[in-house]
Amino acid sequence: MATSGISIRRLKEHVGEQVSLQGWLVAKRSSGKIGFLQVRDGSGVVQGVASRAEVPAAAWAEVERVTQESTVRMTGTVREDKRSPSGVELHLSDFAVDFLTEEFPITPKEHGTAFLMENRHLWLRSSRQRAALRVRSEAEQGIHDFFHQRDYVRIDSPILTPAACEGTSTLFETEYFGDKAYLSQSGQLYLEPALSAFGKVYCFGPTFRAEKSKTRRHLMEFWMVEPEVAFLEFEGLCDLAEEFLSELVARVLDRCAEELRVLERDTGPLERVVGPFPRITYTEAIARLNAKGNPIAWGDDFGADEETAISEDFDRPVLISRFPAAFKAFYMQPDPEDSRVVLGLDILAPEGYGEIVGGSQRIHDHDLLLAKVREHDLPVEAFQWYLDVRKYGSCPHAGFGMGLERFVAWVCKLDHLRETIPYPRMLYKIYP
RNA sequence: UCCUGGGUAGCUCAGUGGUAGAGCGAUCGGCUGUUAACCGAUUGGUCGGGGGUUCGAAUCCCUCCCCAGGAGCCA
């Protein structure tokens, strides 16, 4: 009797057994007397081999009419076979089409990205897309596990917010019962009050930026994980970010080997992502850039060229710290040793992937924070609750944010963020 | 928002002033171990939209729309 409910991923454990499975036809090759049917069930792909002489006439007729991406069911014996990429194939005793698909738009040949993006809902079925999204899923679970194992409490920050979190990026505006509301661009400010309740917290959810950025490194909607820790100061923050990144990369290497193989990702550079990461200050970075002939001056922010020039000196992520206060967020703690700079941290991924982590120690002194709010021309009333936190049991604290899509793009070595999220939201593009 | 490149068959593209093309897909036929299978045949067009120049425009000009890549900003 054939066993059903076995996933293709686990067929190796059932060699010699009769199994039944349902899935979708990836590809078919057939001669007059033998048919090869690649079937996907979501967990993997297996080839069913149907011999005209060995299956019922009705089953052979189904083999002849089946088309790419039809829904099928097949029954057969699991056999080891060296010619199969997965090591096993299914020697069929029966085959049936449950839904006949006509003219699936995405063929095994090449397509342009515009066409594929228009068909994102169907492109998801392709092997590279499945691999990248499985890595994303693994990274997401890895993030939750990392913090859960360290006794962090997950705080879900609101998506609808009354005002700019940082007063910098452009926000998506919406209507809220006669008032204006904005889609969140960061959960951090809502995380900080929760510190005094839970000590160690994190949030992980979608964030929205209405900047008219049109590059491979930007999405309008992306997912960000943000830990925030009470009594954590700057050096500890750097250690946390380093431990977080190296553990997450190790987890993907361990659990997504097959996906990285499908993506043809050279895992060598990822295996080097172990601490300690190189740590340089902003001022040292400027000196390095000048030595390379880059004319950047102290006080300028890095652009894409500068990020690439810095990261190419290192074979693992590089931490850059102590940026000029002028171009960083209002809540960053000034460096006690140099008031021109703040205790902010950026981590640049290797291989040209740019900034994946940004964080800082936060100002915990009420009067200093109030002065910064005013300095940045932010509405004090809107930030009253945020200032309140500094009035009732304030403490030093720090946190960072990591963009999930940039992490996944780097780990998978994809050339565009749009392939790291199921339904990317890009400038002027919101279909499907 | 700015700069650059592009829009021709379902898809990927060639065609730069004179009859609209190829490969793939699809359809039909053939083939017992295929891996982007192969072989033969058939099918397939508002040349992005509008206007203009010309005897004649996919091709030259104007305009609009759409797409891709990059910059700034950021994760």
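What you see below is based on every heavy atom in this structure, not just the backbone, and it leaves out hydrogens, waters and symmetry mates. Letters A, B, ... are given to chains in the order of the sequence lines, protein chains preceding strands, and every chain is numbered from 1.
Rounded to whole Å, the P atom of G45(B) lies 37 Å from the corresponding atom of U34(B). Remark: the separation of the P atoms in G56(B) and A14(B) is 29 Å, to the nearest Å. G50(B) sits 27 Å from C3(B) when the C1' atoms are compared, rounded to a whole Å. With C1' as the reference atom, G23(B) and U16(B) are 23 Å apart, rounded to whole Å. For the C1' atom pair drawn from G21(B) and A71(B), the interatomic distance equals 39 Å after rounding to whole Å. Distance noted for atom P between A36(B) and U1(B): 44 Å (whole Å). The separation of G17(B) from C60(B), taken at their P atoms, amounts to 8 Å, rounded to a whole angstrom. When the C1' atom is compared between C38(B) and G33(B), the two are found 13 Å apart, to the nearest whole Å.
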Check: protein-nucleotides 7-11 of chain B nitrogen or oxygen pairs below 3.5 Å:
from	atom 1	to	atom 2	distance (Å)
C11(B)	O2'	E110(A)	O	3.2
C11(B)	O2'	H111(A)	ND1	2.6

Might you list the N or O atoms of the protein lying below 3.5 Å from N or O atoms in nucleotides 63-69 of chain B, with each pair's distance?
from	atom 1	to	atom 2	distance (Å)
A68(B)	OP1	K429(A)	NZ	3.2
G69(B)	OP1	R418(A)	NH1	3.1
G69(B)	OP1	R418(A)	NH2	2.7
G69(B)	O3'	R216(A)	NH2	3.1

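At whole-Å resolution of the value, CG in D300(A) and C1' in C73(B) are 15 Å apart. A36(B) atom P lies 18 Å from atom CZ of F104(A), rounded to whole Å. One can place CD of E307(A) at 10 Å from P of C74(B), the figure rounded to the nearest angstrom. Atom CG in L171(A) sits about 13 Å away from atom C1' in C74(B), given to the nearest Å. Distance OH (Y353(A)) to C1' (C74(B)): 18 Å, rounded to an integer number of Å. Atom CZ of R406(A) and atom C1' of C74(B) are 6 Å apart (whole Å). If you take CG of L100(A) and P of A26(B), they are 12 Å apart, rounded to a whole angstrom. In this entry the distance linking CD of Q68(A) with P of C24(B) reads 16 Å, nearest Å.
Among the candidates R130(A), R9(A), R136(A), the single residue satisfying the salt bridge (charged side-chain N to carboxylate O under 4.0 Å, His left out) test with E259(A) is R9(A).
Comparing C74(B), U1(B), U27(B) against the side chain of T67(A) picks out U27(B) as the nearest.
For R362(A), the salt bridge (Lys or Arg N to Asp or Glu O under 4.0 Å) partners two or more places apart in sequence, or in a different chain, are E228(A). Taking E355(A) as the reference, nothing meets the side chain to side chain donor-acceptor pair (under 3.5 Å) condition, with sequence neighbours excluded. For E351(A), the salt bridge (Lys or Arg N to Asp or Glu O under 4.0 Å) partners at least two apart in sequence or on another chain are R265(A), K413(A). Applying the salt bridge (Lys or Arg N to Asp or Glu O under 4.0 Å) rule to D98(A) yields the partners R73(A); only residues at least two apart in sequence or on another chain are considered. Every residue meeting the salt bridge (Lys or Arg N to Asp or Glu O under 4.0 Å) condition with R322(A), not counting sequence neighbours, appears here in chain and number order: E235(A), D335(A). By the side chain to side chain donor-acceptor pair (under 3.5 Å) test, H416(A) is found to be paired with no residue, residues two or more places apart in sequence or in another chain being considered. Among residues two or more places apart in sequence or in another chain, the side chain to side chain donor-acceptor pair (under 3.5 Å) test is passed with R29(A) by Q38(A).
When both pairing distances are held under 3.5 Å, A68(B) makes a Watson-Crick or G-U pair with U4(B). Both distances falling under 3.5 Å, in either a Watson-Crick or a G-U wobble arrangement, place G23(B) opposite C11(B). Of all nucleotides present, none satisfies the Watson-Crick or G-U wobble test against G45(B) with each distance under 3.5 Å. Across the strands present, C55(B) finds its partner in G18(B); the criterion is a Watson-Crick or G-U wobble pair with both atom distances under 3.5 angstrom. The base-pairing partner of A75(B), taking Watson-Crick or G-U wobble contacts with both distances under 3.5 Å, does not exist among the strands shown. Nucleotide G40(B) forms a pair with C28(B), judged by Watson-Crick or G-U wobble geometry with both contacts under 3.5 Å.
Under the 4.0 Å criterion applied to side-chain N and carboxylate O atoms, K292(A) and E306(A) are not assigned as salt-bridge partners. For D81(A) and R79(A), the salt-bridge test fails: no basic side-chain N is under 4.0 Å from an acidic carboxylate O.
Among the atoms of the strands shown, base atoms are found under 4.0 Å from some heavy atom of R217(A). Across all strands shown, L417(A) has heavy atoms under 4.0 Å from base atoms, whether or not it also approaches the sugar-phosphate. Nucleic acid contact for G303(A): sugar-phosphate only, since backbone atoms but no base atoms lie under 4.0 Å from a heavy atom of the residue. As judged by a 4.0 angstrom heavy-atom cut-off over every strand, A304(A) is placed among residues touching the sugar-phosphate backbone only. Looking at heavy-atom distances under 4.0 Å, L404(A) makes no contact with the nucleic acid at all.
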Which pairs would a plain distance check flag for residues 420-430 of chain A, meaning a side-chain donor or acceptor within less than 3.5 Å of a matching protein atom at least two apart in sequence or in another chain?
from	atom 1	to	atom 2	distance (Å)
T420(A)	OG1	L417(A)	O	2.7
R425(A)	NH1	P432(A)	O	3.2
R425(A)	NH2	P432(A)	O	3.4

Letter by letter from the 5' end, nucleotides 29-34 of chain B scores (B base, S sugar-phosphate only, - none; protein heavy atoms under 4.0 Å) --BBBB
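Between P108(A) and D415(A), it is P108(A) whose nearest contact on RNA chain B lies nearer the 5' terminus.
Counting only residues at least two apart or in different chains, side chain to side chain donor-acceptor pair (under 3.5 Å) contacts with residues 50-66 of chain A comprise E54(A)-H91(A), W60(A)-E64(A), E62(A)-R65(A).
For U16(B), the O4'-C1' to base torsion is within 90° of 0; the nucleotide is therefore syn.
Between Y190(A) and W385(A), the distance from one ring center to the other falls under 6.0 angstrom.
A side-chain donor from one of E192(A) and H397(A) sits under 3.5 Å from a side-chain acceptor of the other.
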